[in-house]
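A note on names: the letters A, B, ... follow the listed sequences, proteins ahead of strands, and every chain is numbered from 1. Predicted model, so just to flag it, every value in this text is computed and none were measured.
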Protein chains: 2
Amino acid sequence: MATILDVAKRAGLSKTTVSRVINNQDYVSEENRALVLQAMKELDYHPNPAARRLRGQLTMTIGVVVPAVTDPFFASLTAAVEQTAYEKGYRTMICQSSGDKEKERLFLNLLKTKQADGMIIAALENDWKDIQPFTKHGPIVLCNEDIPEPSVPVIKFDQLSGTYAGIKHLIQQGHQRIGYCTGALFAEKGRDKDRNQGYQKAMAEAGLSINPAWIFVDRHTTEDGKQLLTHVMSMEDRPTAVFTGSDDIAAGMITQANEQGVRVPEDLAIMGFGNQPIAQWITPALTTIQQPADGMGQKATQVILELLHNNQAEMEPYELPSDIIVRKST
Amino acid sequence: MATILDVAKRAGLSKTTVSRVINNQDYVSEENRALVLQAMKELDYHPNPAARRLRGQLTMTIGVVVPAVTDPFFASLTAAVEQTAYEKGYRTMICQSSGDKEKERLFLNLLKTKQADGMIIAALENDWKDIQPFTKHGPIVLCNEDIPEPSVPVIKFDQLSGTYAGIKHLIQQGHQRIGYCTGALFAEKGRDKDRNQGYQKAMAEAGLSINPAWIFVDRHTTEDGKQLLTHVMSMEDRPTAVFTGSDDIAAGMITQANEQGVRVPEDLAIMGFGNQPIAQWITPALTTIQQPADGMGQKATQVILELLHNNQAEMEPYELPSDIIVRKST
DNA sequence: GCAGGATGGCAACCATTTTAGATGTAGCGA
DNA sequence: TCGCTACATCTAAAATGGTTGCCATCCTGC
């Protein structure tokens, strides 16, 4: 590989001048600039990023931490980050934390060692207090996380209005007896709190009362969904629709419904959350809330770049709208 | 950030000695080694990779080129690469070529500029002759590609035996009239040739003749699958099973079958290829050939690392077995 | 007293950016 | 015309944080 010195020699100038040309700085005559460019071209010269980096330049690399790229949601997010970053001339490094706190921290070290300019964390494994210190080495943007003080930008979905729209959709379909799955009923903050509020708001607006027996807590998996369906169908007084809070639960419910001959949506309408691929393949296809992973990745990247170039960004959470996708299950 | 000099000072030794400790070299007394390690810990010292890189070291980074991370197959592959690389202390950079030749070449420049030690290309966009020159800057491993001369390692699925196993499965189910989708019938090389051979082999072994009318060329999409089902069911003399060569085609066929009231597998057995997520969600669930993306990513990474450390690797294609996943559609 | 291995330090080197300063030229007032 | 300043242009050298070849020193055993 040719070095800057080779270029300088060939152009008959000093390497400082060549450096100036490379970095588009002033104080180089047009004549010499042309000479340098010519030499660079002839030698197929590319500046050595390691050397630039050592000298304290940007690395043109950003990192993204996801639990697993195989999860469609995080795949979309990663894809959007990579695409957006690429368009701005940045490269992307990935880290699958897969629940490993140490791996996450190790990856964040890239910031410390100047291998990445900024980090997007799409799912925080460590406590924020263990991550906070890394912020002094470069910008960090969080996705879908709540942290004590808003010291870094956070990109979120508008869970409240997503849930609100979902429940409202069920109400518009004529349902009045609406079941609801949530992670934690009395959540003080975070995703569940927002969703719960959306649920309450939609119910209240329609003048519907909430039946505590139709609120299901702590269900997460397809398996939970199967059991939940059996449970719901065995109730004397049962809801006509269930807002599940996750496509996985919903898919499990539908699978079990098909098994038991329960008709969806006639006997029970079922709504998912997330618009994962399974939502469109299961029969009947799932009505669900789309979490715009694309938009999230894009926004997170834009904010990181903003932070990198202007060193400032909005600290109030960026809330992205979630769209409702109506299919056959409601 | 603490530098090696800070560590040296704190340990009361020269930076040479510190460097020796860092790199696990000989000629450092246990005593001093401990002193250095202590100092490193106290200062939370991490060597600056840019500096090491500049001095001609490895970057501990490998790149992986995929068409899109959102494709489940490539997501698995990427995930496996990242995981395997991480276990060996390497970081992973991703590039979604998304059919963009220039993006692919730009990404391969990372090799030239020593930002990555090696590259895994999971889907080649450019002609090999345009990629070949990059090999002199670092190892490249190809996945699922055929190149003129085996100048770099190639990781492939054993398409022949996968197809063979699939057809054999159909025969064991009692089918004798077996339709077959292929990309190109008289393929001279590559995936289609191998698959065609597997088909022929299984049919020949069972003493079954091949009916040219049951060979369908150039079908790829779900839409193609829908049309194909209609076409097959309209045939006077028709197969009882179809090996589709892709889950997408198979899913299209099943969708259309459900639509038309054709029973799968009673009226027509349908087999996919790839074991994409859709295969398990469609009803009836699809019997298919699993392409072990995990194994592929793992193997590719291992080969790259092998090449990096020993500078040599097997040039004969590595062929990974494809497993058959039996579900409800056959 | 000396051979020879263990140990450790100096200084060069990697490719770039940045700092400080050199050189040349033009403008301007005396 | 001369001397001075201002500015454009360019260069040498320092700095960045490591690794490494080579040399010096120490210690052990003979």
| said: For a quick test of reading the model, state the closest non-hydrogen atom pair linking Asp294(A) to Ala80(A) and the distance between them. | reply: O-CB, 3.3 Å
| field | Single hit among Arg105(A), Lys101(A), Glu102(A) for side chain to side chain donor-acceptor pair (under 3.5 Å) with Asn126(A) | value | Arg105(A)
| query | Once you round it to whole Å, what is the distance between C1' of dT9(D) and CG of Leu35(A)? | reply | 14 Å
| field | Pairing of Glu82(A) and Lys103(B) as salt bridge, 4.0 angstrom limit | value | yes
| task | May I ask you to verify if any side-chain N or O of Thr17(B) is less than 4.0 angstrom from the OP1 or OP2 atom of dG9(C)? | result | yes
| message | What is the distance, to the nearest angstrom, from the CD atom on Gln115(A) to the P atom on dG17(D)? | response | 15 Å
| message | Nearest whole Å is fine: how far is dT19(D) C1' from Leu13(B) CG? | response | 17 Å
| remark: When rounded to whole Å, the CD to C1' distance for the pair Glu31(A) and dA8(D) reads 14 Å
| request: Could I get the full list of salt bridge (charged side-chain N to carboxylate O under 4.0 Å, His left out) partners for Asp44(B), not counting sequence neighbours? | output: Lys112(A)
| query | For residues Gln38(B) and Glu42(B), is any side-chain donor paired with an opposing acceptor at under 3.5 Å? | reply | yes
| message | Would you say CD of Glu87(A) has more than 12 non-hydrogen atoms from neighbouring residues, nucleotides or ligands within 6.0 angstrom? | response | yes
| remark: For nucleotides 12-25 of chain C, 5' to 3', base contacts (B), sugar-phosphate-only contacts (S) and non-contacts (-) with protein non-hydrogen atoms under 4.0 Å give -BBBBBBB------
